[in-house]
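Note sheet for the following structure.
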Amino acid sequence: MPALHRITGGGVALLVDTTGDDPVVVHWGADPGAGEVDPALLTPAVAHSMFDEPIRPSLLPQLARGWRGRPALRGSRSGRDFSPRLVLTGSDGDGATMTLRLADPEAGLEAHLTLALAPSGLLLVDSTVRNTGDSPYSLQQADVVLPVPAQASESLDTTGRWIREKHPQRRPIQQGTWVRSGRHGRTGHDAPVVIAAGTAGFGWRHGEVWALHLGWSGDHESYVERTAGGDTVLGAGELLKPGEVLLAPGEEYRAPTVYAAYSAAGLDGVSARFHDWMRARPSHPSTPRPVVLNTWEAVYFAHDLDTLKELADTAAAVGVERFVLDDGWFKGRRHDRAGLGDWLVDETVWPGGLTPLIDHVKGLGMQFGLWVEPEMINEDSDLAREHPDWISKPGRRMPVEWRHQQVVDLANPEAWQHILDALDAILTENAIDYLKWDENRDQLELGHDGAASTHAQTLAVYRLLDELRRRHPQVEIESCSSGGARVDLGILARTDRLWASDTNDALERQTIQRWTELLVPPELVGAHVGPTESHSTGRVHDLGFRAITAMFGHFGIEWDIRQASDDDRDRLAAAIVVYKAQRDLIASGRMVRSDSPDPAVQVTGVVAQDGSRALFSIAALATSANEVPLPVRFDGLDPERAYRVVLALPPGPHAFNQRAGVAWTGASPVVPGGVLTELGLPLPVLNPEQALLVTLTAV
Ligand code: GLA
């Protein structure tokens, strides 16, 4: 084992100095090459009035090493063993992975870290903490910490709320700690998709960026910290409540995986690391993503067989391939105040069960999907009346209701088994291809037997999904959580699609999808054409803007298209034809989000990995400060090739406000790639909330 353990992948390197008894991270970033370097050369100076040993960023920063930032590991044995000194007892690995073993026999603790650099350049860090003492150890925090160089001067993360998820926030990195804590009992609408640090002014296409993502759907913390010593670190870990993880002698805590992406080419480079890694997973959906119609904003709770059959007929006629029956089908569920927990078809509404609708949908050549919310329970339900003790609560007192619902205590094995059996029965008795798995409330006070149980509940949800998938491997599952409140790689390890937000307002979606897709590849991000007048904001948008916005995701419809005009239905069908022609590219290409010089214009693209084709949307989000729109550059194309530029949507002939450039009036010119990336093309004058969809094909 060389003194400097070096792992590489995708042009990224992680160098760890294992010569001492503390694993010091010497470098995480661009691969500096294989030349040997004496770690002593890289050891910092010791200042006056300071610890007499150099302070270096460890993979496991500890008080015992003089680290004055957040220690990675916190906990105690009723107050004792509060400051372990874990020393390296062994390490091994190869050119892509590294395992480190640390122990403090006196404090009775062991820690294992496994670091793996995937070919995509994504670094995966897994860690465990074991209690080797002879009394229980109460674990408070076990973070993964990685240093970033001092030239990272700005941080970025995302925040949000219901119907406004994933809005970026940036700040200068200064001494101190910027912590994003999530106590929602789920990932949360405001959860950062990543916590990132980058060089001054880094953007989508430029700057060095280091970013962490925690693959966990429970409480969490991520942070960027700069110490007075001058070190800057990124950290992430599960946020534990008091007493929540009490390790018995010999017991082990496994921390959620932390994903770390370095990019020398801005946020698009970060995305590429995540997207490539996700797409390489054996479980990643590989079939063309079917066009969805979801019934929620079409009929809400007003379930009626004839209406839904008519909706299915209309859906099939415009090209829909998967029909998803949303909330409202099960016992007592006539509104959102009752029924959750009673996973039996409501016979008053569905006297013949779901089969007549399923048969009709399948007869039209579509898949059938069904909405469930397995973790939840209404107090007004048979389940709550029969098993009031199955409701998760902090003690004897009930938590505050949210959307009139409580949470099933899935840490209770009987309750867990009951929910599994109910879901299994639904899938066994009905020809269901797809489940929309919802989770519609914050869970601040999850408790089992009087102790905090967010950790146990999160693992129980994972087990439920894993077991259901094992029994029904052909069923795809969507993860929804009041829209986008559960977007993380923990839930995505066991689901096939995300619902990014409950808003179908295309203007809101332009931001929400852009930042969700920083992490998640577009083919997993549900994106629906909603009604003309948005139900969540009241904004009215033309079909073109709505369809083009839904194109950069897993395309669907959530609208009573029986009521749409013939013209709108024709235009929707035309957009679906475009989506079907482009979905293989959307599901495999490299995402491009240009740093537009005009904040009113948002450019989003997908470029084939081999540069042979691309799809771009140019969306006006607001009125521009410029009389004449600035040219748009088509980043990411191959400068050595020439491309035919075709306006795919709106279909021509199209009347723009004013005289448009020749590219937009049906000419479909062939333009050198270098011209498209360096000079760009002049745009027509767009109204705010109007978009163009352009295909570029190498000739
Ligand atoms: C949540 C989901 C919606 C819809 C409703 C049904 O809000 O995010 O898409 O399924 O629940 O109650």
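The figures that follow rest on heavy atoms only: side chains count, while hydrogens, waters and symmetry mates do not. Remember, it's 1-based here, ligands and their atoms both numbered in the order they're listed.
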Where ligand 1 meets Ser482 - atom numbers and elements under 4.0 angstrom, heavy-atom basis: 8 (O)
Distance from atom 3 (C) of ligand 1 to nearest protein heavy atom, with residue and atom: Asp502 OD1, 3.4 Å
Nearest neighbour in protein (non-hydrogen) for atom 2 (C) of ligand 1: Asp438 OD2, 3.0 Å
Nearest protein heavy atom with distance in Å, relative to atom 4 (C) of ligand 1: Asp326 OD1, 3.4 Å
contact_flag Arg403 ligand 1 heavy-atom lt 4.0 Å: yes
His387 and Trp390 aromatic ring geometry - parallel, tilted or perpendicular at 30°/60° bounds: parallel
Tyr462 six-ring centre to Arg494 NZ/CZ under 6.0 Å and within 45° of normal: yes
Sub-4.0 Å heavy-atom approach of Lys436 to ligand 1: yes
Contacting atoms of ligand 1, where contact means under 4.0 angstrom from a heavy atom of Gly483: 8 (O)
Heavy-atom donor-acceptor pair, Asp346 side chain to Gly332 backbone, under 3.5 Å: yes
Pair Phe323-His360, ring pair (Phe, Tyr, Trp, His ring centres under 6.0 Å): steps then yes or no: CA-CA 11 Å; Phe323 184 88; His360 187 80; 8.8 Å; no
Nearest-neighbour protein heavy atom for atom 12 (O) of ligand 1, which is reported as residue plus atom name and distance: Asp327 OD2, 2.6 Å
